[in-house]
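Worksheet for the structure shown next.
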2 protein chains.
Amino acid sequence: MTSSHSFTAASPVYTYQRIVEQIEHAILSGDFPVGSQLPSERDLMGQFGVSRPTVREALRVLQSMGLLEPRPGTRGGPVVLAPSPDTLGRSFRTMLGTASLDLAELLQYRIILDGSASELAAIRHTDAELALMREAVERMRESAEADAPDFADADLAFHERVWEASGNQILALSGHAVWGALRDLLQRDAERSPGDNSVKLESVRIDTGLFEAIERRDAAEAGRIARTALADRFSSMLSESDQRALEQFLGRAQ
Amino acid sequence: MTSSHSFTAASPVYTYQRIVEQIEHAILSGDFPVGSQLPSERDLMGQFGVSRPTVREALRVLQSMGLLEPRPGTRGGPVVLAPSPDTLGRSFRTMLGTASLDLAELLQYRIILDGSASELAAIRHTDAELALMREAVERMRESAEADAPDFADADLAFHERVWEASGNQILALSGHAVWGALRDLLQRDAERSPGDNSVKLESVRIDTGLFEAIERRDAAEAGRIARTALADRFSSMLSESDQRALEQFLGRAQ
DNA sequence: TGCACCAAGTGGCCTTACCATCTATCCTGT
DNA sequence: ACAGGATAGATGGTAAGGCCACTTGGTGCA
């Protein structure tokens with residue numbers, strides 16, 4: 001009879017990878033708090049019993065994970081960095097960049113994120129966050145009325161404030177990444193009409209409504225506005241079947 | 001008078017970093033599709049005009065981002081990988097480990113993703129996807145009743161099928177990443193009672209209800225089940241204020 | 001006391017080299 | 001003619017040694 005034992009994959013273990021794991025574990029377990037220094041490359045090369053290129057490869061990987069930063073000079077050595085959400089955002093971006101994404105998927109994902117973020121922002125925003133959002137809407141209005149070229153920046157700024165007011169930085173980071181991917185996709189596909197002022201003014205009108213819903217803590221309405229705004233703005237670029245699926249997801253059909 | 005020109009920081013540019021950027025851009029812009037090969041290290045060393053350790057450091061970084069995989073042998077060379085949730089999940093875990101992310105945020109994010117994925121799966125699942133989900137639920141039930149150790153795998157398999165049935169691969173990738181991070185966190189924090197069969201049976205009961213809601217295309221109910229299941233299962237690990245915010249977000253309070 | 005200088009150590013990069021492994025090809029045996 | 005194994009070449013993994021620019025900390029001079 002065959003044994004029920006299942007074998008695990010026998011992938012080779014590279015020495016640089018084991019160094020990464022050891023140092024990573026040492027940092028995450030608190031042996032090297034933020035701001036502390038690791039031994040220099042030449043010391044590590046002795047401690048691990050490997051050559052310098054090998055420890056350098058390991059340090060590069062840890063560096064790209066945002067855990068370390070090199071520091072030259074006497075009494076130098078790699079220093080442990082404070083955790084930054086940047087790497088998480090970069091992971092989102094590379095994942096979105098390599099995935100062969102179609103517009104429908106990306107739009108759908110952004111509708112999910114923005115809708116939820118708007119609901120959360122309505123529920124748990126603080127006065128300071130509300131003030132920042134109000135200021136951003138005002139800047140959007142000014143930019144649209146002056147037909148200034150920085151409207152896209154002002155638009156993004158407002159949505160960033162909403163993401164932040166959601167109190168969930170994963171939402172903020174992924175929202176930013178998806179926003180960038182969507183922008184890249186559209187920029188590549190079609191040359192937008194940048195001078196069309198009515199579109200800008202319509203955006204201002206919608207975002208003002210979103211802001212007011214958030215202000216009066218009407219989560220359901222805030223989420224609804226955010227979702228339908230995105231759907232209305234982009235649905236014309238989708239195929240007919242994707243449009244129908246989107247409508248159904250938003251609960252308008254049926 | 002002083003000029004109004006503002007200078008930008010003059011940070012040093014490392015050559016290995018420029019290689020990373022060039023290769024990353026080439027991959028993300030589609031010049032090297034998934035599965036294609038880059039020139040070998042020795043070739044790249046010639047093309048970039050640098051030494052082999054330097055191109056190796058660059059390749060290591062790209063490798064740790066999940067973009068590449070080395071491939072030895074004649075006609076070898078670094079291979080471009082398909083996007084994987086692994087690196088995103090690792091970023092989540094790193095941020096959790098360094099305490100710049102808390103459990104509440106991650107749970108909230110997973111509730112948003114799983115809820116939306118379940119709604120979408122209810123709307124647009126195909127017969128084949130439904131069969132796969134039914135099969136996965138069945139495997140969960142068998143594993144729970146036999147008290148087998150592979151229950152966690154069966155549980156994950158069911159949720160993977162739901163993510164896939166949502167028709168949105170971004171949802172599937174990020175769902176997978178968050179799931180992995182959450183699992184690691186719990187595994188580390190507390191030694192769960194693996195023999196507690198009632199918990200498994202309860203999970204089976206809930207997921208069966210979710211499956212049936214998806215089967216009858218009841219999107220609202222499917223979303224509700226997915227969200228409340230996650231909240232009920234994990235909320236006891238949250239602080240009291242986070243629990244209240246979660247309840248409010250789910251629309252039960254008020 | 002202040003400041004310029006200097007020496008030591010650090011990371012950044014290079015050169016050369018060897019090894020295990022994998023792939024493609026060829027060559028042999030059938 | 002074909003199947004299969006041996007072989008040769010290229011690849012990535014790792015090592016050793018060395019040079020350079022720069023940062024740092026102390027030292028000695030004004």
Side-chain angles (χ1 to χ4, degrees), chain A residues 7-24 26-27 32 34-82, chain B residues 7-24 26-27 32 34-82:
Chain A
F7 294 101
T8 165
S11 56
V13 175
Y14 303 121
T15 75
Y16 90 92
Q17 189 62 33
R18 308 213 323 201
I19 296 179
V20 168
E21 286 163 8
Q22 283 194 55
I23 296 182
E24 185 182 6
I27 292 177
F32 291 94
V34 171
S36 63
Q37 286 190 22
L38 270 64
S40 72
E41 294 179 358
R42 289 171 176 84
D43 281 350
L44 291 173
M45 141 187 169
Q47 292 188 33
F48 287 111
V50 298
S51 70
R52 195 146 92 95
T54 303
V55 340
R56 280 178 64 78
E57 287 178 16
L59 291 178
R60 288 292 188 223
V61 172
L62 292 163
Q63 203 174 325
S64 81
M65 294 194 292
L67 284 174
L68 294 180
E69 189 187 55
R71 161 118 44 118
T74 315
R75 308 275 186 282
V79 298
V80 178
L81 290 180
Chain B
F7 295 101
T8 166
S11 56
V13 175
Y14 303 119
T15 73
Y16 90 92
Q17 189 63 32
R18 307 213 324 198
I19 297 178
V20 168
E21 286 162 9
Q22 283 195 55
I23 297 181
E24 184 181 8
I27 292 177
F32 291 94
V34 170
S36 63
Q37 286 190 23
L38 270 65
S40 71
E41 293 180 359
R42 288 171 176 83
D43 281 350
L44 290 173
M45 140 187 169
Q47 293 188 33
F48 287 111
V50 298
S51 71
R52 196 147 91 93
T54 302
V55 340
R56 281 178 64 77
E57 288 178 15
L59 291 178
R60 286 292 187 224
V61 172
L62 293 163
Q63 205 174 323
S64 81
M65 296 195 291
L67 284 174
L68 295 180
E69 188 186 54
R71 175 131 111 214
T74 314
R75 307 273 186 285
V79 186
V80 178
L81 291 180

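Just so it is clear: chains get the letters A, B, ... in the order the sequence lines come, proteins before strands, and each one is counted from 1.
- With D:dC19, D:dT11, D:dA15 as the choices, the nucleotide that has an atom nearest any side-chain atom of A:V50 turns out to be D:dA15.
- Contacts of B:R52 with the nucleic acid, taken as non-hydrogen atoms under 4.0 Å apart, include base atoms.
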List the atom pairs, donor and acceptor, that lie under 3.5 Å between side-chain atoms in residues 34-43 of chain A and the rest of the protein, sequence neighbours left out.
from: A:S36; atom 1: OG; to: A:P33; atom 2: O; distance (Å): 2.6
from: A:Q37; atom 1: NE2; to: A:R75; atom 2: O; distance (Å): 3.3
from: A:S40; atom 1: OG; to: A:D43; atom 2: N; distance (Å): 3.3
from: A:E41; atom 1: OE1; to: A:R52; atom 2: NH1; distance (Å): 2.5
from: A:E41; atom 1: OE1; to: A:R56; atom 2: NH1; distance (Å): 3.2
from: A:E41; atom 1: OE2; to: A:R56; atom 2: NH1; distance (Å): 3.0

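- The structure places OG1 of A:T54 at 8.5 Å from CZ of B:R60, a figure rounded to the nearest 0.5 Å.
- For the pair B:S40 and B:P53, nearest-nucleotide mapping onto DNA chain D gives the more 5' position to B:S40.
- No contact: B:P12 has no heavy atom under 4.0 Å from any strand.
- Atoms CG and CG, on A:L81 and A:L62 in that order, are 11.0 Å from each other to the nearest 0.5 Å.
- Residue B:V55 is the one, among B:R42 and B:V55, whose nearest nucleotide of DNA chain C lies closer to the 5' end (criterion: closest heavy atom).
- We find the CD1-CE distance between A:I27 and A:M65 to be 8.0 Å, quoted to the nearest 0.5 Å.
- As rounded to whole Å, 11 Å separates atom P of D:dG12 from atom CD of B:Q63.
- At D:dT24, none of the side-chain N or O atoms of A:T74 fall inside 4.0 Å of OP1 or OP2 (strictly under the cut-off).
- Following rounding to the nearest Å, B:R56 (CZ) and D:dA15 (P) show an atom-to-atom distance of 11 Å.
- The span of DNA chain C lying next to chain A, judged by atoms under 4.0 Å from heavy atoms, is bounded 5' to 3' by C:dA8 to C:dC13.
- Counting only heavy atoms from C-beta outward, the side chains of A:V79 and A:L68 never approach each other to under 4.5 Å.
- Taking atom CZ on B:R71 and atom P on D:dT11, their separation rounds to 13 Å, with Å as the unit.
- A straight line from CZ of B:R60 to C1' of D:dG13 spans 7 Å, rounded to a whole angstrom.
- One atom, CD of A:Q37, and another, P of D:dT23, lie 16 Å apart when rounded to the nearest Å.
- Summary of the strand contacts: A:Y16 and A:G73 both lie near DNA chain D, and taking for each the nucleotide with the nearest heavy atom, the more 5' one is attributed to A:Y16.
- Side-chain N/O atoms of B:S64 and A:S64 include a donor and acceptor closer than 3.5 Å.
- Looking at A:R75, its side chain has no donor and acceptor atom pair within 3.5 Å of the base of D:dG26.
- When the P atom of D:dA15 is taken as reference, atom CD of A:E41 falls 14 Å away, rounded to whole Å.
- In this structure, CZ in B:F32 is found 12.5 Å from CG in B:L67, a value given to the nearest 0.5 Å.
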